[in-house]
Amino acid sequence: MISFARQLNLIDYSLSSLWRRRGKSLGVMVVFAGVIFLLASFQMTTRALTDAAADLLAYAPEITIQKMTAGRQESIPLEYQEKLSSIWGIRAITPRVWGYYFNEISGANYTILGLDPHSMPLGDQLGQAIDTGALPEAHEVVLGQGVNAEVAGGDKSIFSLFRPDLSLKAFALAGTFKAETNLLTYDTLFMNLDDARDLFAMAEDMATDLCVTVANPSEVSTIAKKIAALLPDTRVVTRQQVQKTYQAVFGWRSGFASICLLTALASFIIFAWDKASGLTPEERKEISVLKIIGWQTSDVLVLRFWEGVIVSLVSFVVGYTLAYIHVSFFEASLFRPILLGWSVLHPALRLRPSVELGETLLILCLTVVPYLAATVIPAWRAAIIPADSALN
Amino acid sequence: MAASLIELEKVCKTYNQDRPNQVRALVDIDLSIAANAMVCLQGASGSGKSTLLSVIGCVFPPTSGRATIAGKALSRMPDRFLTIHRLNTIGFIFQHFNLLPGLTVLENITLPLMPLGVGPGERRERAGRLMAMLSIGHRANFPVSQISGGELQRVAIARALVNDPPIILADEPTAHLDHALSLAFMEIMVDLQQAGKTIILTSHDQLITRHPAVERIIGIEDGKIHVP
Amino acid sequence: MFLSAWSLALSLLSLVALILTVIATRTAVKVLRWWDPASDSNRQIRLENETWLSSTLVQYGMGFQILSLLLFVLAADHFSQVISGAMCATGALTANAYGMPTLLLKILGAFFYGFWIVLHGFDIRSEQYPLLKAKYIALVCLLPLLAVDVVSQTLYLANLKPDIITSCCAVVFGEGGGDSGNLLGAVPQGTLSMLFYGIALVLVFCGSFLLRCLHPLLLWLNGLVWLLFVGVSLVAITTIFSSYIYAMPYHHCPFCILKPEYGYIGLLIYGTLLPAAFFGISGALAELIPTRIGLDAVVHRFQKTAMLLSTLLLVLFVLVVSYHFVVYRLMGGEGG
Amino acid sequence: MRPSLMLLVFLGLLALTDGALFLHHHQQGIRSAAEADVMKITVAGLGLTDLSLATEARYTRHPAVTDLVVPVMDHPGAIEHFPSGSFWASPVSHP
């Protein structure tokens, strides 16, 4: 109990000594909170994006088959479908046309998607995702909100896109996707398979890739192996791989940015080291007086330890809270360019940062640990100031 | 309590031992001071007076010889145990008071109680008694930078007494005080002696050296006791 | 796979711990060479000051080691989202040969730091610092342990290969779906649970007897049984208790219980088991302190406290770990 | 009031702020659960493989052209040179 009361006294004293040097302590805290804010908002943004993606990609096509030529992907002949008919366990094969359409005026890339939704899982319910109108018939298109605002000007019901030979192809607007699906469909033009082929001037018997739906999810890997054996010139991508790649890409980016932010941390650590080791004559005198009136070296060390803990705890909570606010309410506006690239069309990001122990601990280890480690030796240097220097 | 509270036998203190800049600050000091005595150490600066005070005050152990302070032999004791012993037995009053400027009177007085784990209520109570005795109670929450020299002296005395140590060491306590305040200081010391404390002063001030309560004057010269 | 915030944090933590321990070891070597309590030289005074530095650094080191242990497991769980075939931390830790050894080294390291702090606590209670030599020899031994830990962790991270779609024609498939291999094969559940509860009961009796009378032989026995119990508990958590917590009969993973989905119950489970084991074992190890150096009272007080804490934590551990198990059995899951 | 108590009160206030944020977080979770169904239908029905965030990314938006270096080539006009391409802004100027 004595030890607990003693620690409490030492905490009291370290608070009062931080307060007496409030300019210095506040400076350290502000800088520290800033560094924590940067690292934490970055980590939270990455995590929120990957979490959102992981949640949604759980419903992505189980297997995608792409034809490869010379290491590059190219259109796949529809006849490949028949070659797969021998594989037991495949529920449906859906050919898709998928491509980008570059809008030279706005500089945005649209995603063109042509497929027959009725052979996709849940495809029959797709109407629920469409705000006004229905699924596209021939020469019709369903637009994402972002494209709608740009191409159709919000109220046009007919508009045209260029074919590769610069002839125009007209589309009637069949409807728009709901705003809730912006995160998925903001840049999308969804149309009939034939219209998409026509727009990209693709041959009749070709598609971009084949989506395979499997009856039993636990057989995905086996079926994918069989497909790969049957169609050696294709790449077979499973859902799990898409998910892992996505995680890895964002993990890579967040690691890369963390390295950049670590330089900020490093400079803060040097700053903190400097502040902690630069003892003023008053501080030296204070410690020697404390020691001669009966404070142990270890008491002074503990005192300094508590100062470090208080500074880092307060900075951490403040910085972390600000980071949450930044990510949750301000769409992580400081980091969007780094994480999302230079895209022109951006849906409003409603990020929901994950709040969990692991993430918090990660940021804590990246920031507080180096700070405490950097201040321990200066603290010891201060603590060994001899007691008898108070006598002269 | 034993007749002599402080017992030094052949005490030597050498700074920078075995190095070219070695200094022998104390040489074969034999000294014994009885409990409840009031003695004055006298010597020029550099005579070894502060070193002797440090040994008696358990600030560092002697290089050789036996020093027994309040029943404990100090020879080559690690710093940690010296500090514990110092906390329990010695009250220091410094020449420049050595109060911490940012703290209030109350906080300064209770500093020695902090590592003992004494709670804020009891700290306030113990300091309150001393402040009342030294009539500085009305200054309790003033920063020490805002009070007068005489009051500073009393705060320093209160801090030395707050642990209730048997020995009070005062290093040139009146050097920065005027005549009246010095007299008042000596009155307090006399009261403390009557309350059972052992008091050791260092001073050149005739007010102290000729004070009737001072039983014994110990002269020091070149690290040796010198009989005046 | 160093370019991930988790790898960076782990490497940073290890680097910091390593630097601090190297500095502490430097002091240890100096103390072992030059320490001379009879001397009043400047060097001796400096050494005395440096002993404070080394003990503080070891205390920080222990804190960092515990953090690093926790972070390592959480990081492994995170890595499992990237590595082919890994569904949870078990898969990520067994993705290469260095995962599990690193984990064990980290636990061992935390215990070692703890023992050192206990030893230091005894030593500074006596004016002669009688355990000084032993203490600093132990400290010198700590460095290689930590170095192996750091190397092993670095190799683990370096050999993690994320599963990225590549431009080759056919894809290399990982183990894919299903649960990604359990750590342990089939262990007879009935025997194991009886063993687990049996040893726990023995330890409670042992502990409460030792609280009244510190019998040296029984202390040693108690420490040995604790060693056994840690092993049995880890196996039991993995093969029996974890799947009741997950409510999934085929998911046996000792790490997923640390995840928020299960209310961080794992923190409570390991946060009681490991300290309980630490106190149980250190109570026995304290018997190694020779009686002639006059620390008997201190050692005995420590042993009593250690026995009390280890018994209390053990009871708490058994209650927490059995909670889901018992609830399941009572709620009509008979024969499940 | 002793300083450590003041610190506790201060940390308590911070915790209260964080608690409010956590409630908000929780609320958001409930709302997004209602939207999750529509999202699920969209992903499954269209066979999507990415969010429409990096709308020009060749890699993440669709695994069509995929090499190890593709993750950093996010713009049709971006310099296709790894790794410097990821540091420089796209030379295509947007209106």
Side-chain angles (χ1 to χ4, degrees), chain A residues 39 42-43 46 50 54 68 71-73 217-222 224-225 228-229 232-238 240-245 247-249 251-252 254-259 262 297-298 301 305 355-358 361-366 369-370 372-373 376-377 379-380 383-384 386, chain C residues 1-10 12-13 15-17 19-20 23 45-46 48-50 52-53 55-57 59-60 63-64 67-68 70-71 73-75 77-79 81-86 124 162-171 173-178 258-260 264 267:
Chain A
L39 272 165
F42 199 84
Q43 187 61 28
T46 326
T50 47
M68 303 296 284
R72 294 276 151 183
Q73 194 245 347
S218 62
E219 283 174 23
V220 168
S221 157
T222 327
K225 268 180 205 158
D233 59 342
T234 59
R235 171 171 55 193
V236 183
V237 179
T238 58
Q240 211 191 9
Q241 265 186 317
V242 174
Q243 284 171 332
K244 300 212 171 200
T245 304
Q247 299 283 343
V249 167
W252 187 91
S254 98
F256 192 77
S258 301
I259 289 218
L262 281 185
T297 305
S298 57
L301 274 167
F305 167 74
V355 182
E356 72 165 85
L357 185 80
L361 203 68
L362 174 70
I363 303 296
L364 193 84
C365 290
L366 274 175
V369 165
L372 288 180
V376 58
I377 291 181
W380 169 74
I384 57 163
Chain C
M1 204 180 69
F2 287 111
L3 217 52
S4 134
W6 293 88
S7 312
L8 284 176
L10 277 172
L12 185 72
L13 208 55
L15 201 68
V16 165
I19 292 173
L20 295 190
I23 299 173
I45 293 167
R46 211 167 47 236
E48 221 174 283
N49 282 329
E50 285 199 19
W52 289 111
L53 178 64
S55 60
T56 312
L57 291 180
Q59 279 161 23
Y60 273 63
F64 293 166
L67 265 183
S68 142
L70 195 57
L71 195 71
V73 176
L74 294 171
D77 183 61
H78 183 83
F79 291 147
Q81 298 174 350
V82 185
I83 299 165
S84 70
I124 61 170
D163 183 23
I164 294 180
I165 308 170
T166 50
S167 48
C168 62
C169 297
V171 166
F173 293 97
E175 279 309 299
L258 289 161
K259 295 194 350 177
Y264 298 117
L267 278 186

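Chain A is the first sequence line, chain B the second, and so forth, proteins listed ahead of strands; every chain is numbered from 1. Owing to the predicted nature of the structure, the values given are computational and were not obtained by experimental measurement.
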_Separation between CG of A/L364 and CG of C/L13, rounded to the nearest 0.5 Å_ = 9.5 Å
*Part of C/L267 within contact of chain A (heavy atom distance under 4.5 Å)*: side chain
_Ignoring hydrogens, what is the shortest heavy-atom contact between C/L74 and A/G358? Give both atom names and the distance._
CD1-CA, 3.7 Å
*By side-chain contact (heavy atoms from CB on, under 4.5 Å) - contacts of A/A373 (at least two apart)*: C/V16, C/L20, C/F64
*Would you mind checking which part of C/L12 comes under 4.5 Å of any heavy atom in chain A, side chain (CB onward), backbone (N, CA, C, O), both or neither?*
side chain
*Any side-chain heavy atom of A/L357 within less than 4.5 Å of one from C/Y264?*
yes
_Region of A/E356 that comes under 4.5 Å of a non-hydrogen atom in chain C_ = both
*chain C heavy atoms under 4.5 Å from A/L372: which part of the residue, side chain, backbone, both or neither?*
both
*Which bit of C/Q59 comes within less than 4.5 Å of chain A, counting heavy atoms only: side chain, backbone, both or neither?*
neither
*How many angstroms lie between CG in C/L53 and OG1 in A/T297, if you round to the nearest 0.5 Å?*
11.5 Å
*Side chain from CB out, backbone as N, CA, C, O: work out which of these in C/L15 comes under 4.5 Å of a heavy atom of chain A, or both, or neither.*
neither
*Heavy-atom distance under 4.5 Å to chain A: side chain of C/F79, backbone, both or neither?*
neither
*Measuring heavy-atom distances to chain C, does A/L301 have an atom under 4.5 Å in its side chain, in its backbone, in both, or in neither?*
side chain
*Where do A/L362 and C/A5 come nearest, in terms of heavy atoms and distance?*
CD1-O, 3.6 Å
*Output all residues satisfying side chain to side chain donor-acceptor pair (under 3.5 Å) with C/S68, sequence neighbours left out; order by chain, then residue number.*
C/K106
_Need one label for C/L57: side chain, backbone, both or neither, based on atoms under 4.5 Å from any heavy atom in chain A._
side chain
*For residues C/N49 and A/W380, report the shortest heavy-atom separation together with the two atoms involved.*
O-NE1, 2.9 Å
*CD1/A/I384 to CZ/C/R46 distance, rounded to the nearest 0.5 angstrom?*
9.5 Å
